[in-house]
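Just follow the structure's listing: the first ligand is 1, and inside any ligand the first atom is 1. Both backbone and side-chain heavy atoms feed into the values below; hydrogens, waters and symmetry mates do not. These numbers come from a predicted model, not from an experiment.
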Amino acid sequence: MRREASLLHLDLDAFFASVEQRDKPSLRGKPVIVGGLGQRGVVATASYEARVFGVRSAMPTHEARRRCPQAAFLTGRFGAYHTASRQVMDVLRRLSPLVEPLSLDEAFVDLRAANQGVDFSRPGLILLIKELKDEVRTATHGLTASIGVATSKFIAKVATELAKPDGWSIIEPGHELELLRPMQVGVIPGVGPVTQEKLHRIGIHTVADVQSCAFDELAQVIGKTHAQALIDLAYARDDRPVEPDRETKSISVEDTFDSDLVSRQELTAILLRDARQVAARLQAAGLFAHTVTIKVRLHDFSTLTRSRTLLNATDRPDVIGSVAISLLTAVDATGGVRLLGVGASGLTDVLQEDLFAADRSAENQAEDAVEDHPTSDDQPAPQGWPTGLDVEHDHHGRGWVWGSGLGRVTVRFETRDTPPGPVRTFAADDPALHRIDPP
Ligand code: TTP
Ligand code: MG
């Protein structure tokens with residue numbers, strides 16, 4: 001355990017929604033919900049203005065519409081989120097080379113390895129945190145982050161949660177236990193809803209309850225290994241190091257064929273076999289993947305990848321297989337396939353996931369997809385005018401899709417750097433109107 005509070009955790013506030021409010025001035029200060037807009041879509045995130053109405057991540061979008069009909073419902077713009085993420089990670093890497101991104105909007109930083117000497121006194125840390133928040137705001141053109149600093153990853157992350165939104169907190173060495181004891185057991189990494197429910201059944205609700213529970217009783221419910229991990233964390237014993245290259249880690253399996261394959265049946269069988277191998281390697285490494293990717297090389301040697309990000313990371317062969325198969329259905333492989341592969345990325349370890357939530361069906365998991373996104377050298381096929389998308393009109397300039405239907409598209413003409421702008425409606429096939437990449 002560290003003697004000084006030198007583990008920093010940063011998490012952007014209402015990340016996707018904040019990017020939308022930044023780029024769409026008319027939505028600032030208003031409820032904004034980003035997610036799947038279709039029949040079975042789920043909420044990826046909601047702005048704090050929408051959270052007041054009880055809208056939460058992973059809630060079905062129709063439920064969110066019921067709770068907060070006045071919100072702007074927007075499709076995700078992953079290009080813009082990736083850019084913002086890179087800007088934040090660059091700021092963090094200027095502070096210390098030891099940065100471990102956990103997702104697009106969240107990272108640990110080891111301040112012991114900082115590029116310049118850090119003053120670990122409370123006033124010294126406060127100064128560092130305030131400067132960091134300012135740098136993030138400047139680099140991202142206005143996004144706010146919350147920051148926690150403590151003696152371990154676990155406590156630093158708890159500190160960030162306490163500070164949300166747009167705040168910071170420092171947990172002084174020696175104060176970890178008093179902080180944790182009254183908290184719900186779900187605060188412990190690895191304890192997701194399923195595990196929490198199991199613990200509730202034996203009367204464990206708070207971290208203090210874990211501390212006073214006999215090891216054997218705990219082990220009966222969640223197994224010996226997990227019981228020990230749980231007890232260690234309940235006593236704030238966490239010496240996990242910051243691992244800077246976790247983000248880039250991925251696991252993949254691919255096959256090249258002697259002759260081009262056309263049969264869907266054969267391709268499906270290969271995907272399932274690859275998925276089993278990927279899952280086995282994940283399980284061997286104790287890792288879970290957030291993103292499943294397929295790689296397809298066609299008869300003309302063009303190579304494309306398709307990926308889907310899941311709400312819950314997985315190490316299950318059936319989940320990976322069913323996602324891979326559904327990704328392949330979106331690829332025109334009628335001319336034959338030369339190479340096929342399955343990959344898993346966005347890896348996290350056991351402690352960042354619900355240890356026992358693995359009994360959900362593959363189908364449910366696949367339905368949970370946040371977004372399908374082409375990931376490499378191929379272009380998305382433009383189809384329709386999803387609300388929130390960036391567009392440009394030859395005469396009116398840049399804006400975003402405010403709504404569409406019945407052969408018409410309504411655009412609000414405003415950008416990050418303009419005041420709230422006017423709306424205008426066009427025919428959906430107006431040749432002067434174009435989809436554009438996030439500026
Ligand atoms: P979070 O950091 O969990 O959430 P947040 O940044 O939206 O809000 P908070 O202020 O509480 O940190 O997730 C970061 C982004 O990841 C979020 O903006 C959208 C995406 N996401 C999903 O797509 N699905 C999910 O279920 C969750 C939790 C997040
Ligand atoms: Mg966040």
Side-chain angles (χ1 to χ4, degrees), residues 8-23 27 31-38 40-52 54-61 63-64 68 71-89 92 100-108 133 136-137 140 142-148 156-169 186-187 189 192-193 247 288-292 307-314 346 348 352-354 357 360 364-373 388:
L8 181 144
H9 177 257
L10 175 142
D11 189 310
L12 296 172
D13 302 315
F15 178 40
F16 294 0
S18 303
V19 171
E20 298 307 331
Q21 289 177 324
R22 178 195 69 184
D23 295 345
L27 299 182
V32 170
I33 293 167
V34 182
L37 303 182
R40 298 155 89 170
V42 294
V43 173
T45 196
S47 70
Y48 278 79
E49 295 86 355
R51 292 184 196 189
V52 174
V55 178
R56 296 283 176 267
S57 291
M59 175 180 279
T61 301
E63 170 71 12
C68 192
F73 287 81
L74 306 174
T75 192
R77 293 181 306 131
F78 281 79
Y81 311 148
H82 278 282
T83 303
S85 176
R86 205 168 42 240
Q87 290 161 340
V88 172
M89 299 305 165
L92 296 180
E100 179 181 334
L102 298 175
S103 67
L104 284 181
D105 84 325
E106 187 184 355
F108 286 119
K133 280 170 60 69
V136 166
R137 199 190 310 259
T140 59
L143 300 185
T144 62
S146 296
I147 293 177
K157 194 164 165 146
V158 171
T160 301
E161 274 327 299
L162 292 175
K164 274 196 165 291
D166 196 13
W168 53 268
S169 74
V187 74
E247 179 196 36
F288 295 77
H290 274 286
T291 302
V292 175
S307 67
R308 180 175 298 170
T309 300
L310 306 170
L311 286 183
N312 293 102
T314 187
T348 59
Q352 287 158 12
E353 297 304 324
D354 191 343
R360 307 178 53 206
N364 278 343
Q365 284 258 5
E367 286 294 328
D368 276 353
V370 176
E371 171 88 339
D372 286 353
H373 34 109

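- Of the polar atoms of Phe15, at least one N or O is found under 3.5 Å from an N or O of ligand 1, judged by distance alone.
- Inspection of the Thr140 and Arg86 side chains reveals no N or O donor paired with an N or O acceptor under 3.5 Å.
- Of the listed options Lys164, Glu20, His290, Arg51, Arg51 places a heavy atom closest to atom 8 (O) of ligand 1.
- The aromatic rings of Phe16 and Phe78 sit perpendicular to each other, their planes meeting at more than 60°, with 30° as the lower class boundary.
- The distance from the OG atom of Ser146 to the CD atom of Glu106 is 11.0 Å, given to the nearest 0.5 Å.
- Proximity of Val34 to ligand 1, defined as any heavy-atom pair under 4.0 Å, is not found for any part of the residue.
- The residue from Glu20, Arg56, Arg51 that alone fulfils the side chain to side chain donor-acceptor pair (under 3.5 Å) condition with Thr45 is Arg51.
- Contact annotation for Ser57 and ligand 1: only side-chain heavy atoms (C-beta onward) come within less than 4.0 Å of the ligand.
- For ligand 1, the atoms closer than 4.0 angstrom to any heavy atom of Tyr48 are 9 (P), 10 (O), 11 (O).
- Taking the Mg ion (ligand 2) as the apex, the angle formed with O of Leu12 and OD2 of Asp105 is 90°, to the nearest 10 degrees.
- Counted by atom type alone, Thr144 and Asp13 present one or more donor-acceptor pairs between their side chains at under 3.5 Å.
- In terms of polar-atom proximity, Ala58 is not counted as a contact of ligand 1, lacking any N or O under 3.5 Å from an N or O of the ligand.
- Distances from ligand 1 to the non-hydrogen atoms of Tyr81 include no value under 4.0 Å.
- Of the candidates Leu310, Thr309, Thr144, Thr45, Thr45 brings a heavy atom nearest to atom 4 (O) of ligand 1.
- Among the heteroatoms counted here (N, O or S) of Asp11, OD1 is the one nearest to the Mg ion (ligand 2).
- By the 4.0 Å heavy-atom criterion, Ser103 is excluded from the residues contacting ligand 1.
- With atom 22 (C) of ligand 1 as the reference point, the heavy atom nearest to it among Ala44, Ala46, Ser146, Ala17 is part of Ala44.
- Between the OG atom in Ser169 and the CD1 atom in Ile147 there is a gap of 10.0 Å [rounded to 0.5 Å].
- Between Ser47 and Pro31, the closest heavy-atom pair is OG-CA, 3.5 Å.
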Is there a salt bridge (charged side-chain N to carboxylate O under 4.0 Å, His left out) between Arg77 and Asp23 once you walk through the steps?
CA-CA 11 Å; Arg77 293 181 306 131; Asp23 295 345; 2.7 Å; yes
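- Side chains of Thr291 and Thr309: a donor on one and an acceptor on the other come within 3.5 Å.
- Atoms of ligand 1 found under 4.0 Å from any heavy atom of Asp13 (numbered from 1 in listed order, with element): 10 (O).
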